[in-house]
Amino acid sequence: MQEEEIRVPIYLMTGFLESGKTSFLRFTIEQDYFAIPEKTLLILCEEGEEEYDPESLKACNTVVEVVENEEDLTPEYLMALEIAHNPGRVLIEYNGMWSVKRFEEMRLPSGWGIVQHITTVDGSTFQMYMNNMKSLFMEMVRHAELVLFNRCKESDPLATYRRSIKVVNQSSEIIFEDDEGEIDVFAESLPFDLDAPVIDILPEDYGIWYVDALDHPDKYEGKTVKFKGRVLKPTGMNSKCFVPGRIAMTCCADDTTFIGYICKSPYASKLKSDDWVEVTGTIAVEKQAAYHGYGPVIHAQSVEICEPLEDEMVYFS
């Protein structure tokens, strides 16, 4: 069935209270490049210290509707807004304590559709929220195209923050900003030697290697790596391929995901899912349907059955 054409694009803004959602939207609305001839509908699900200027909104042909309770944001309510305003687009400043998944799965008025999801993060309070509301945060970023960290310091563990996002959303763009603006891309000190004839990935460094290869596959092109992982053989995968990987905790013990890269090996057909193996192989960057584009593919030189790791879990915090 052909998907319905999006007539009214929705820009979904998520983040915890005082994370910068209003500042981001207020700035964007006032930019010439964002102007459209039709009316913009701004749905506010959370009101913090920052406010919108009524005159600026009027000049930008933007109307505001406030939703105070999560149960009031319903398909019927959105349909009423469609009839009342006939908007050309919709901006939603979502409440950080509400379920993003609930809205993503909601039946929308005909022609409405989410075209961009941005999450803002206050870098100074990020660790506190991760410690106390990790599941809510991970739900926010799971489908976000952009995750914008503001109020950061270069001394913050930004690499760890980045990995915690990438494990649940590999395609998200992640930007860090301090008081002066965007922090330049930082080069993380890796715990393994990229120039070694064989890069030995220790079990505790698997997550660092996985995300670094995801972000910078080209620098691993032609490199040989050695690591241990559990075998996954997805249905429909070529008989000469398997995925050696690990389980990563995304937000809690009940919310985990398997992370690993495709491995090509003549021994693949002899392996069973859940076997533990030590793989030595050379990485090539290849186009694969599973990656929705290009990504690292390991061409195995050896695959040896081994004992399971005492702790299979990969942690990103």
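Every value quoted in this text rests on a predicted model; they were computed, and no experiment measured them.
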For this session: For a side chain to side chain contact (heavy atoms under 4.5 Å, CB included) with E46, tell me which candidate from V66, T22, V67, L17 qualifies.
Result: L17

Exercise. Where is the tightest heavy-atom contact between K233 and V231, given as atom of each residue plus distance?
Worked result: CG-CG1, 3.7 Å

Problem set entry | Beyond-backbone contact of W112 with P109, side-chain heavy atoms, under 4.5 angstrom | yes

Exercise. Within a radius of less than 6.0 Å around OH of Y291, do more than 12 heavy atoms belonging to other residues, nucleotides or ligands occur?
Worked result: yes

For this session: Of all the heavy-atom pairs spanning P87 and V8, show the shortest one and how long it is.
Result: O-CG2, 3.5 Å

Problem set entry | Reported CD-to-OG distance for the pair E82 and S110, which is rounded to 0.5 angstrom | 8.0 Å

For this session: May I ask you to decide whether D215 forms a salt bridge with K166, counting only side-chain N to carboxylate O separations under 4.0 Å?
Result: yes

Exercise. Which atoms form the tightest heavy-atom contact between T28 and Y33, and what is the distance?
Worked result: CG2-OH, 4.4 Å

Exercise. Are side-chain heavy atoms of V277 and E304 found at a separation under 4.5 Å?
Worked result: no

Exercise. Is it true that K58 and D53 make a salt bridge, defined as a side-chain N closer than 4.0 Å to a carboxylate O?
Worked result: no

For this session: Give a yes or no on this: more than 12 heavy atoms of other residues, nucleotides or ligands lie within 6.0 Å of atom CD of E154.
Result: no

Problem set entry | Derivation and outcome, side chain to side chain contact (heavy atoms under 4.5 Å, CB included), residues M313 and R246 | CA-CA 7 Å; M313 198 71 70; R246 301 267 298 279; over 6 Å; no

Exercise. Has F27 got more than 12 heavy atoms of other residues, nucleotides or ligands less than 6.0 Å from its CZ?
Worked result: no

Exercise. Would D195 and K223 pass as an ion pair if we require N to O under 4.0 Å?
Worked result: yes

Problem set entry | D200 and F192, any side-chain heavy atoms less than 4.5 Å apart | no

For this session: For a ring pair (Phe, Tyr, Trp, His ring centres under 6.0 Å) with Y261, tell me which candidate from W209, Y294, F242 qualifies.
Result: W209

For this session: Measure the shortest side-chain to side-chain distance between K39 and N86 over non-hydrogen atoms and say whether it is less than 4.5 angstrom.
Result: no

Exercise. Using a distance-only test with no angle check, is there a side-chain donor-acceptor pair under 3.5 angstrom linking E139 and S99?
Worked result: yes

Exercise. Hey, is CD on E71 packed in by over 12 heavy atoms from elsewhere, all under 6.0 Å?
Worked result: yes

Problem set entry | Partner of P296 by side chain to side chain contact (heavy atoms under 4.5 Å, CB included), out of V225, D218, I283, I262 | I283

Exercise. Have E307 and W276 got a donor and an acceptor in their side chains that come within less than 3.5 Å?
Worked result: no

For this session: Could you please spell out the steps behind the side-chain hydrogen bond (donor to acceptor under 3.5 Å, both in side chains) verdict for S172 and E145?
Result: CA-CA 5 Å; S172 177; E145 285 85 8; over 6 Å; no

Problem set entry | Side-chain heavy-atom pair F258, V243 within 4.5 angstrom cut-off | yes

Exercise. Under a 4.0 Å N-O cut-off, is there an ion pair linking E312 with K228?
Worked result: no

Problem set entry | Beyond-backbone contact of V121 with S19, side-chain heavy atoms, under 4.5 angstrom | no

Seminar exercise, completed: Heavy-atom nearest pair, V141 first then N169, reads O-ND2, 2.8 Å

For this session: Would you please classify the geometry between the F126 ring and the F137 ring as parallel, tilted or perpendicular, with 30° and 60° separating the classes?
Result: perpendicular

For this session: Check I298 against G281 and note the closest heavy-atom contact, atom names and distance.
Result: CG2-CA, 3.9 Å

Exercise. Side chains of E93 and L25: closer than 4.5 Å at any heavy-atom pair?
Worked result: yes

For this session: Quick one: do F16 and D122 satisfy side chain to side chain contact (heavy atoms under 4.5 Å, CB included)? Show the steps, please.
Result: CA-CA 8 Å; F16 289 117; D122 181 344; over 6 Å; no

For this session: Step through the shown structure and confirm whether more than 12 heavy atoms of other residues, nucleotides or ligands are within 6.0 Å of CZ on R107.
Result: no

Exercise. Above 12 or not: heavy atoms from other molecules or residues under 6.0 Å from CG of N132?
Worked result: yes

Exercise. How about S269 and S239: does a side-chain donor come under 3.5 Å of a side-chain acceptor?
Worked result: no

Exercise. Which atom pair, heavy atoms only, marks the closest approach of A268 to C241?
Worked result: CB-N, 3.6 Å

Exercise. Quick one: do R230 and D274 make a salt bridge, cutoff under 4.0 Å?
Worked result: yes

For this session: In plain terms, say whether K264 and E286 are close enough for a salt bridge, that is, a side-chain N and a carboxylate O under 4.0 Å apart.
Result: yes

Exercise. Is there a donor-acceptor contact under 3.5 Å linking the side chains of Y210 and Q170?
Worked result: yes

Exercise. For I92, which of I43, L44, L78 qualifies under side chain to side chain contact (heavy atoms under 4.5 Å, CB included)?
Worked result: I43

Problem set entry | CA sep, side-chain torsions, deciding dist, call: Y77, D72, side chain to side chain contact (heavy atoms under 4.5 Å, CB included) | CA-CA 7 Å; Y77 175 75; D72 294 334; 5.9 Å; no

For this session: In plain terms, say whether E38 and R89 are close enough for a salt bridge, that is, a side-chain N and a carboxylate O under 4.0 Å apart.
Result: no

